Amino acid sequence: MTKIDRRLMLKTIGVASVGAVTPNLLKGEVLKKPYEIKRRSLKTDILVVGGGTAGVIAAIQAGRAGRKVVLVENGSQLGGTTTTGGVAYPGIYFAWGKQVIGGIGWELVQEAVAMNNDTLPDFSVPHGEQHWTHQVRVNAPLYAMLAEQKCLEAGVQIRYYESPTQVAFSNNNWKVQTTGKGVSTEITCNQLIDCTGNAYVASIAGFNLIREEETQPGTLMFQLGGYDFDKLDVALIRNKYNKALEQGELVKSEFRGDIIGLLRSKGDNIQHIAGADSTTSETHTLANIKGRTSLYNHLRFLKTLPGCEKIVLRQMQTETAVRETFRIDGHYKITHEDYITAKKFDDAVSYSYYPIDLHDEAGVIPSQLEPGTVPMIPLRALVPKNSRNFLVAGRSLCSDRLANSALRVQGSCMGMGQAAAAVAVLANKSNKTPLDVPMREIRKLLEEHGGIVPA
């Protein structure tokens, strides 16, 4: 090999070597190292975990009362059941001709209705057995935006896509470690409110929980179109449906054995997914897959029916909504008897109004309350045993299963969220734990912000 050949070979090897580690960058492109997880440390007066029905109201109340507030939500928007879950008809706010749940939750609902040019139900007309006529239809995306804007206006720092991984109490403060996309955050707070709906933070903090072996089924909300129900051969469809059930093509419990009910309603709140559980990412993934698989199988079946060949899926929520998981073991357990008799409590901070509404594989038959009955929620049911500076609001309050089937609905959760936040604000200001805050101060603060407190 000549000297010229060797020089050419070395030059070629050199160019190739450099090219292997330095990509050809286009104009304006900059080569960056892999990004690192950002570590943050935050201090706040009150931390609310869970930006759903109760958490949104809690955060706004605490912010409006002058406290520094952080709201951690593992999803992409606020509103929970009303928005992500698709149950966009919260309630119930009026009982027996009188408003029993007001405040910040009612403010959001009213504004959502007005902004969408909708109308409120006529609450002066008794609902009888049809309690849903007193629930308020709202535009879910609009409600999510309103909730977010009101949190921002109240000075709340919202942290989406984050979940707690560690929770510890030290020196009269809580230290909560959260992990999200590209961030790991240590949040130090004086008062902590668990609004996850699963008592998730309470569990990580080491407090005991309550749960039955069997839980209520979940529901994936959706809407169908592309057919005329009045022109369908109902008898033929029912016959074909029964054959599909016999052959194992469809699962009877998923639509309560009522394919005609599915077609008549065109979806909405009709599906039942047994064992739906949102407690962990694994169980929530399974609930979502089951919900979508159920709908997919039924949609394929419906397309084989005369008159349904052009059926379409107009809308579907991104998650299967869950009704029941864990509840805290609190200082007081609200029982079914307490609920249906409207037992009075000296420490009642909010009302609840809804029929006993336990879903099972056969469906649901609501048990209406007796005339004049308006149940109450005591503060002790929002506080785990052996805790300090810790509150829970929403469906994971301490209650038995039947009472919880009514307490879990949106109106009640909104009232709880505002009450829990008011207590947290006062506890933070006076350096107390929630159960040591005087009821007269709680009542005063809630009423200043439009809340309705039982006498």
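Since this is a predicted model, take the numbers as computed values, not measurements. Residue numbers start at 1 and run along the sequence shown.
- Atom CD of E212 sits in a crowded spot, with more than 12 heavy atoms from other residues, nucleotides or ligands closer than 6.0 Å.
- Counting heavy-atom neighbours within 6.0 Å of N386 CG, excluding the residue itself, gives a total of 12 or less.
- For the side-chain hydrogen bond (donor to acceptor under 3.5 Å, both in side chains) criterion with R323, the lone passing option out of T219, T81, T215 is T219.
- Using modelled atom types, one finds a donor on one side chain and an acceptor on the other under 3.5 Å when comparing T188 with K175.
- Contact check for I101 versus W106: no side-chain heavy atoms found under the 4.5 Å cut-off.
- Considering only residues two or more places apart in sequence or on other chains, R292 meets the side-chain hydrogen bond (donor to acceptor under 3.5 Å, both in side chains) condition with none of them.
- Here E73 contributes atom CD and L71 contributes atom CG; the two are 7.0 Å apart, rounded to the nearest 0.5 Å.
- For the side-chain hydrogen bond (donor to acceptor under 3.5 Å, both in side chains) test, residues two or more places apart in sequence or in another chain that qualify with E254 are S294.
- Within the structure, ring pair (Phe, Tyr, Trp, His ring centres under 6.0 Å) contacts touching residues 357-384 (residues at least two apart or in different chains) are H272-H359.
- The distance from the CG atom of D347 to the CG atom of L435 is 8.0 Å, given to the nearest 0.5 Å.
- To the nearest 0.5 Å, atom CD of residue Q410 and atom OH of residue Y89 are 8.5 Å apart.
- Looking only at atom types and distance, the side chain of Y354 has no donor-acceptor partner in the side chain of Q368 under 3.5 Å away.
- A heavy-atom distance below 4.5 Å is found between the side chains of Q157 and L42.
- Residues meeting the side-chain contact (heavy atoms from CB on, under 4.5 Å) test with K38, sequence neighbours left out: R40, V183.
- Within the structure, the ring pair (Phe, Tyr, Trp, His ring centres under 6.0 Å) test picks out the following pairs touching residues 364-392 (sequence neighbours left out): W174-F390, F207-F390.
- Identified under the ring pair (Phe, Tyr, Trp, His ring centres under 6.0 Å) test for residues 308-337, with sequence neighbours left out: Y332-F345.
- Counting heavy atoms from C-beta outward, L152 and Q149 have side chains that approach closer than 4.5 Å.
- No close placement of the F123 and W96 rings is indicated, their centers lying 6.0 Å or farther apart.
- The line from CD of Q271 to OG of S265 is 11.0 Å long, rounded to the nearest 0.5 Å.
- A salt bridge links K150 with E111: the distance from a Lys NZ or Arg NE/NH1/NH2 to an Asp or Glu carboxylate oxygen falls below 4.0 Å.
- Within 6.0 Å of NZ in K303 there are more than 12 heavy atoms belonging to other residues, nucleotides or ligands.
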May I have the step-by-step check of salt bridge (Lys or Arg N to Asp or Glu O under 4.0 Å) for K333 and D338, ending in yes or no? CA-CA 9 Å; K333 181 190 288 185; D338 292 341; over 6 Å; no
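- Looking only at atom types and distance, the side chain of T196 has a donor-acceptor partner in the side chain of D194 under 3.5 Å away.
- Under the 4.0 Å criterion applied to side-chain N and carboxylate O atoms, E324 and R401 are assigned as salt-bridge partners.
- Interatomic distance, SG of C398 versus CG of N404, reported as 9.5 Å (0.5 Å rounding).
- The side-chain heavy atoms of L369 and Y339, taken from C-beta on, include a pair separated by under 4.5 Å.
- Comment: R159 engages E162 in a salt bridge, judged by a side-chain N to carboxylate O separation of less than 4.0 angstrom.
- The pair R39-E36 does not count as a salt bridge, with every side-chain nitrogen at least 4.0 angstrom from each carboxylate oxygen.
- Donor-acceptor pairing under 3.5 Å is recorded for the side chains of Q315 and Q317.
- Salt-bridge check for D233 with R238: failed, with every basic side-chain N at 4.0 Å or more from each acidic carboxylate O.
- Ion pairing of R137 with D268 is present here, as a side-chain N (NZ or NE/NH1/NH2) and a carboxylate O approach within less than 4.0 Å.
- A salt bridge does not link D400 to R327: none of the charged nitrogens lies less than 4.0 Å from a carboxylate oxygen.
- Distance check, rounded to the nearest 0.5 Å: CD1 of I46 to CG of N190 gives 8.0 Å.
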